[in-house]
Amino acid sequence: MTIDNDVQDASALRAAMVRELREQGAIQSERVAAAIATVPRHLFTPGETLETAYAANTAPIVKADANGMTLSSVSAAHLQATMLEQAEIEPGMRVLEVGSGGYNAALLAELVGESGRVTTVDIDPDIVERAGTFLREAGYDHVHVVLADAEQGLAMSAPYDRIIITAGSWDIPPAWIEQLTDTGRIVVPLRFAGVTRWIAFDRDRSGLVSRGYGLCSFVPVQGAGSHTERAVSIDDGVVLRLDDDTLTVDTDALRRALHLPRIARWSGTAFDMPDEVVLFLLTTDPHMTMLHADQRRVDQELLAPSTLRGVPALISGDSFAYRTRRENDQTGGYESGVYAHGPAAEQVAARYVELLRQWVSEYHRRGAASIRYIPMPANAPTLSAGVFAKRHGTVVVTWP
């Protein structure tokens, strides 16, 4: 008897990935564990090694544009498992997936079983063809693969018990809510305040209310639902990314402030759970925005390394402050602090430090925020801290 070593190796690596995802806390149920243990992920990542295919935190690129920008990828298994757990998919459910890679649709097919129905839709003909081919090769030819712009949902198979979005969305189109059952749930990577969080939304009378959220990164939605955020350059290699079109920035004043000596102020609080702190800062003060710097400007010590991936910056006219850290054993290894620039550096640093201390004293845990989506034409809340106007509705973030 001939033994297929590739099949054996893939099976062993798949089992190891399931164990790792359990240890990380991404897998919490036996049903999700069984689905991930069953679907041959490597069939959906041709050209990659088996080790790469079954790396729990790797997202293999499927398609890129001429400039190297990723247009499609197979999401990291850790993130897929987390979102599937949040979806709580049961046998017999009807599920719509927006953004087709093939692998996640196969996982969904395992979860809904023979009595359920999975429809996956994508705007890119290449991706649709690829997903359909791999699903058939893996034995999931009963998954419905559709070429369409998902801004209008997919009425032909509605209503859906679950809608899973696997692309970064700046808004939630009305069709997604309309095509959801009354007890349905949407799990969507939603971008607001300059960051993206996956959010598991349940329906309620006013729209959608979160039951969980977490850090994520996805390729942006294409087509009618695409959105380009404002990028305001305050110096060469230094950019503010603004989600709010109404926020005005005095770039000349901030450029001058950037080249003034900075001050450092420390909060006496631990630097931990940075993703939660970022969300708190961006949704608590309306003058917070995301500050980004390139490697060259960091190497020149113009800005701290925290700006390389983006950090909340508090803007006050001709001055600004942003978060940093330093080693401090008394706070568990690192201490949160602030660098501030400009004529009002002391005042803006003091406000920032106050927010850091408030986070620790009142919200030092995961999942402390409540996120609502209120679709139009409902009466939208007045724009303020934690309220973000979208094309089709309003995102409201509160810290109870």
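Ring geometry, Tyr363 versus Phe280: the interplanar angle falls from 30° to 60°, so the pair is classed tilted. Ring-plane geometry between Tyr322 and Phe320 is classed as parallel, the angle between the planes falling under 30 degrees on a 0 to 90 degree scale with a further cut at 60.
Side chain of Thr307 to main chain of Gly310: no donor-acceptor pair is present (N/O by atom type, distance under 3.5 Å, no hydrogens or angles). Remark: the backbone N or O of Ala270 is not paired with any side-chain donor or acceptor of Thr331 at under 3.5 angstrom. In terms of modelled atom types and a separation under 3.5 Å, the side chain of Ser267 and the main chain of Ser336 share a donor-acceptor contact. Judged by distance alone, with hydrogens and angles left aside, the side-chain atoms of Thr289 form no donor-acceptor pair with the main-chain N or O of Ala313 at under 3.5 Å. Side chain of Trp176 to backbone of Ala150: a donor-acceptor contact under 3.5 angstrom is found.
Taking both residues in full, the closest heavy atoms of Val188 and Ser169 are given as CG2-CB, 4.0 Å, listed atom of the first, atom of the second, then distance. Scanning all heavy atoms of the two residues, the minimum distance from Pro343 to Leu260 falls at CD-CD1, 4.3 Å. Heavy-atom minimum distance, Ala349 versus Ile263: CB-CD1, 4.2 Å.
Electrostatic pairing of Arg262 and Glu301 does not count as a salt bridge here, judged by no charged N lying under 4.0 Å from a carboxylate O. Under 4.0 Å is where a charged nitrogen must lie from a carboxylate oxygen, and between Glu346 and Arg265 at least one such pair does. A salt bridge does not link Arg297 to Asp294: none of the charged nitrogens lies less than 4.0 Å from a carboxylate oxygen. Ionic pairing of Arg325 and Glu335 is not present here: no N-O contact between side-chain nitrogen and carboxylate oxygen is shorter than 4.0 angstrom. Looking at Glu354 and Arg357, no side-chain N of the basic residue comes within less than 4.0 Å of a carboxylate O on the acidic one, giving no salt bridge.
Counted within 6.0 Å of CD on Glu327, heavy atoms from surrounding residues, nucleotides or ligands total 12 or fewer; the atom is thus considered open.
Looking only at atom types and distance, the side chain of Trp170 has no donor-acceptor partner in the side chain of Ser226 under 3.5 Å away. A donor-acceptor contact closer than 3.5 angstrom is absent between the side chains of Ser316 and Ser319. Neither side chain, Glu97 nor Tyr160, offers a donor N or O lying under 3.5 Å from an acceptor on the other. Side-chain polar atoms of Gln86 and Arg211 form a donor-acceptor pair below 3.5 angstrom. Judged purely by distance below 3.5 Å, without hydrogens or angles, the side chains of His392 and Glu151 pair a donor atom with an acceptor atom. In the model, Arg41 has a side-chain atom that pairs as donor or acceptor with a side-chain atom of Gln80 under 3.5 Å.
Residues in residues 308-323 take part in no salt bridge (Lys or Arg N to Asp or Glu O under 4.0 Å) pair, two or more places apart or across chains. Applying the salt bridge (Lys or Arg N to Asp or Glu O under 4.0 Å) test to residues at least two apart or on different chains, none of the pairs has a partner in residues 153-172.
Considering Asp124, Thr120, Thr119 as possible partners of Ser100, the one that fulfils the side chain to side chain donor-acceptor pair (under 3.5 Å) test is Thr120.
Listed by chain and number, the residues in a salt bridge (Lys or Arg N to Asp or Glu O under 4.0 Å) with Asp236 are Arg296 (sequence neighbours excluded).
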